[in-house]
2 protein chains.
Amino acid sequence: MTALSERSVPTVSSEELATAAGVNSAKLRKDFSYLGSYGTRGVGYDVEYLVYQISRELGLTQDWPVVIVGIGNLGAALANYGGFASRGFRVAALIDADPAMAGKPVAGIPVQHTDELEKIITDNGVSIGVIATPAGAAQQVCDRLVAAGITSILNFAPTVLSVPDGVDVRKVDLSIELQILAFHEQRKAGEEIAAPEEAAGAVPPPPVAPHRAPSAAPGADSGRQGPDGDVPAVMPA
Amino acid sequence: MTALSERSVPTVSSEELATAAGVNSAKLRKDFSYLGSYGTRGVGYDVEYLVYQISRELGLTQDWPVVIVGIGNLGAALANYGGFASRGFRVAALIDADPAMAGKPVAGIPVQHTDELEKIITDNGVSIGVIATPAGAAQQVCDRLVAAGITSILNFAPTVLSVPDGVDVRKVDLSIELQILAFHEQRKAGEEIAAPEEAAGAVPPPPVAPHRAPSAAPGADSGRQGPDGDVPAVMPA
DNA sequence: CAGTGTGAACGGATTCACAGCC
DNA sequence: GGCTGTGAATCCGTTCACACTG
């Protein structure tokens, strides 16, 4: 939709959007209808208007100050990531435990030391924290963020964090997407013979004839790239 | 399951696993049953055996050579990411367009110039490519990867890539997870009044009373962190 | 007798199909 | 005429409940 908006396309039909998104047009209309009657019968949806309404509903019209803790490669990459600003996210501070990093600017923002963490969060009214530290430091950082009043955490460290009720955690595992690709890749290759006959002999293939069951791969729709932006888990209570 | 395995726990019940994963035990049993009858009635599942079977089914017991193109902060972060090796991924090469990067080791692997791209892929039999370039270069890199024989692409650049049929693309948008958090955060805050009364006045709030419809947030289950590892889209045909 | 494997029941999400409107 | 908005029909994933087994 943003792309359409940039090309100054005035209106879209549910059919067009649905095709682009790889879903059924009825579903798209029904979903939009939950936000209100924003379309015009016989015409379609006003692009600008719809972009605005959806942005508002998603909370993208607000200003979300965010702190990033752990300014290694990943932290730096996140700090430099252009996609945040346009979605209403503002990097309020970069925090790292390494005193040598302190004061050094990354993406134009000076890195601050972990000691300042609580003060930074309070002063800026930050409610979302990003953890990009090594696994070992993650839980500790998390605890401090929560204690300082943060209620949403995006965790890139390969650990499951434990948090009190009311705090929302989402974990990003960079290897999961690769695994999904590999899974499909395996399928593409395995089209030939039905019996793979593994090599690597760690666990001895115990009894039980692996009765290659249904095992059907999920629905094959057109060109939808990337993960579904699911919104599962933790609701505010 | 890996954690259980490391603690040498011999068996698990579907109930235990289900609780840990935040799902219903029946669902877990049914899902496992699609892989075969790997449990023992009255006992549970053999941890080691199950780990192996699932790994194999997911394609994690194979060796997947991967190339990373674009060795900026993100590319470097990916190259250094520990989670890949344990999942069967091997970084076969790092590729960057900047001649100054060539030869420089990142994560112990020397960066090679884009000119070598085709040769590297062919020589190493690479079928999965990771794009971590700026948006502007992504499509071009993608085309070369595909031409060189790559059939799965993980795209971190903020562009939708177009690829021929048979090539699998997954796009990772680092800001989507933040958006999901912000969405929930907005909900938490909006518990007070029902009328937000926006500030930012870009699009003039046109007619139509935004009839705050159902708009219910998805199911609230226990502590599941992160996105569902969905496996949608593109099936091998 | 604890715990798997699975047919049957359930319920929510998707799709159909069409009335209503521009 | 074209396209939205939406009740009704349908589909499909989830859960129940229990027969079966080690």
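Just so it is clear, the values below take in all heavy atoms, side chains as well, and ignore hydrogens, waters and symmetry mates.
Rounded to whole angstrom, the span from the CG atom of A:Leu50 across to the C1' atom of D:dT4 amounts to 13 Å. For the pair A:Asp46 CG and D:dC3 C1', the interatomic distance rounds to 15 Å; values are reported in whole Å. Note: CZ (A:Phe32) to C1' (D:dG5) measures 13 Å, nearest angstrom. When the P atom of C:dT4 is taken as reference, atom CG of B:Asp31 falls 14 Å away, rounded to whole Å. Per the geometry, CD belonging to A:Glu15 stands 12 Å off P belonging to C:dT15, to the nearest Å. Going from atom OH of A:Tyr38 over to atom C1' of D:dG5 covers 14 Å, rounded to whole Å. Straight-line distance from the CD atom of A:Gln53 to the P atom of D:dT4: 17 Å, rounded to whole Å. Atom CG of B:Leu28 and atom C1' of D:dG13 are 15 Å apart (whole Å).
Residue pairs meeting the salt bridge (Lys or Arg N to Asp or Glu O under 4.0 Å) criterion with at least one member in residues 11-27 of chain B, sequence neighbours excluded, are B:Lys27-B:Asp31. Note on residues 1-12 of chain A: no pairs pass salt bridge (Lys or Arg N to Asp or Glu O under 4.0 Å), not counting sequence neighbours.
Aromatic rings of B:Tyr81 and B:Phe84 (six-membered ring for Trp) have centroids within the 6.0 Å cut-off, being under it.
For A:Ser55, the side chain to side chain donor-acceptor pair (under 3.5 Å) criterion is met by no residue, not counting sequence neighbours. With sequence neighbours left out, the side chain to side chain donor-acceptor pair (under 3.5 Å) criterion links A:Asp63 to A:Arg90. Under the rule for a side chain to side chain donor-acceptor pair (under 3.5 Å), B:Thr40 has no partner lying at least two apart in sequence or in another chain. Partners of B:Thr151 under the side chain to side chain donor-acceptor pair (under 3.5 Å) rule, at least two apart in sequence or in another chain, are A:Glu185. Under the rule for a ring pair (Phe, Tyr, Trp, His ring centres under 6.0 Å), the partners of B:Tyr45 that lie at least two apart in sequence or sit in another chain are B:Phe32.
An OP1 or OP2 oxygen of C:dT14 is reached within less than 4.0 angstrom by a side-chain nitrogen or oxygen of A:Lys27. In terms of phosphate contacts, A:Tyr45 brings a side-chain nitrogen or oxygen within less than 4.0 Å of OP1 or OP2 of D:dG5. At the phosphate of D:dC3, neither OP1 nor OP2 sits under 4.0 Å from any side-chain N or O atom of A:Ser14.
A salt bridge links B:Arg87 with A:Asp173; the closest basic N to acidic carboxylate O contact falls under 4.0 Å.
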**OP:** Assign a letter to each nucleotide of nucleotides 16-22 of chain C from its 5' end: B, base within under 4.0 Å of a protein heavy atom; S, sugar-phosphate only; -, no contact.
**Re:** BB-BBBB
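Residues from residues 1-9 of chain A that place a heavy atom under 4.0 Å from any atom of DNA chain D: there are none.
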